[in-house]
Amino acid sequence: MSGATVSSTPVLRATLTWSAVVTAALAVVGSVIGYLVAGQDGLWSALAGVLLAAVFLAITGASILVANRWFGSDLYVPVFFAIVLGGWILKFVVFIVVLLLVRGQPWVNPTVFFVAIVVSILASLIIDIIVMMRMRMPHASDVTLPGDESSSSDRPGSGPSGF
């Protein structure tokens with residue numbers, strides 16, 4: 001593994017950090033609103049919805065951060081895609097398992113559960129947008145490409161036909 005840093009690493013770390021803070025806030029607010037709307041079942045449904053969405057959204061960012069540790073290695077591309085695709089498969093399996101376990105449980109209020117998941121996902125998307133807009137990403141400016149240092153008429157093959 002190389003000591004080089006991928007430019008997406010600070011963005012993903014910031015996104016995961018802010019997502020954890022917002023998830024904690026949504027868990028508290030969702031629990032209170034869920035309790036007021038549907039009693040104790042609403043409280044647990046809201047908590048389960050917020051935490052489920054947070055786990056699913058964190059798996060992608062975390063898997064990319066882990067995969068970025070191989071940046072600079074000859075195996076970076078295959079390792080990156082193996083880890084990220086493995087994370088997606090993990091999310092799919094966990095999603096199916098959670099649906100099978102939660103379906104029909106007496107403590108689940110489907111409406112509160114659904115709203116908690118949707119609000120959590122929307123909050124995560126807003127965080128992603130804010131972090132991306134505020135993050136200073138390195139970029140190339142004033143790059144001289146091969147052949148740019150001389151005028152086009154001095155280069156071979158720059159005649160009227162281009163050959």
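I33 is not connected to I121 by any chain of hydrophobic side-chain contacts under 4.5 Å among Ile, Leu, Val, Met, Phe, Trp and Tyr, and they are in different clusters. In the hydrophobic clustering of this structure, V22 does not group with L51; members are Ile, Leu, Val, Met, Phe, Trp, Tyr whose side-chain heavy atoms approach within less than 4.5 Å, directly or through other members. In this structure, F81 is a member of the same hydrophobic cluster as V84, with clusters built from ILVMFWY side-chain heavy atoms closer than 4.5 Å. Using a 4.5 Å cut-off between side-chain heavy atoms of Ile, Leu, Val, Met, Phe, Trp and Tyr, with links allowed through other members, L85 and V77 fall into the same hydrophobic cluster. By the criterion of side-chain heavy atoms lying less than 4.5 angstrom apart, applied directly or through intervening Ile, Leu, Val, Met, Phe, Trp or Tyr residues, V28 is not grouped with V119; the two fall into different hydrophobic clusters.
Side-chain contact check for I127 versus V21: every heavy-atom pair is 4.5 Å or farther apart. Inter-residue side-chain proximity for N68 and Y76 is flagged as met; some heavy-atom pair is nearer than 4.5 Å.
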CA sep, side-chain torsions, deciding dist, call: R69, V79, side chain to side chain contact (heavy atoms under 4.5 Å, CB included) | CA-CA 10 Å; R69 293 175 181 237; V79 167; over 6 Å; no
Under the side chain to side chain contact (heavy atoms under 4.5 Å, CB included) rule, what do W18 and I130 come out as? Steps first, then yes or no, please.
-> CA-CA 10 Å; W18 280 106; I130 292 170; over 6 Å; no
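Within the model, atoms OG1 of T15 and CD1 of I129 stand 11.0 Å from one another, a figure rounded to the nearest 0.5 Å. Rounded to the nearest 0.5 Å, atoms CG (L57) and CG (L52) are 9.0 Å apart. Here the CD1-CD1 distance, from I89 to I59, works out to 12.0 Å after rounding to the nearest 0.5 Å. To the nearest 0.5 Å, the span separating CG on L90 from OG on S63 amounts to 9.0 Å. Rounded to the nearest 0.5 Å, atoms CH2 (W88) and CZ (F56) are 15.0 Å apart. Atom OG of S73 and atom CZ of F80 lie 14.0 Å apart (nearest 0.5 Å).
Checked by atom type and distance alone, the side chain of S124 never pairs as donor or acceptor with a backbone atom of S120 at under 3.5 Å.
Under the side-chain contact (heavy atoms from CB on, under 4.5 Å) criterion, L47 pairs with A27, S31, L43, W44, not counting sequence neighbours. Partners of Y35 by ring pair (Phe, Tyr, Trp, His ring centres under 6.0 Å), not counting sequence neighbours: none found.
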Name every donor-acceptor pair, under 3.5 Å, that has one atom in a side chain of residues 93-117 and the other anywhere in the protein, sequence neighbours excluded.
residue : atom : partner : partner atom : Å
Q105    : NE2  : L101    : O            : 2.9
N109    : OD1  : T111    : N            : 3.1
N109    : OD1  : V112    : N            : 3.2

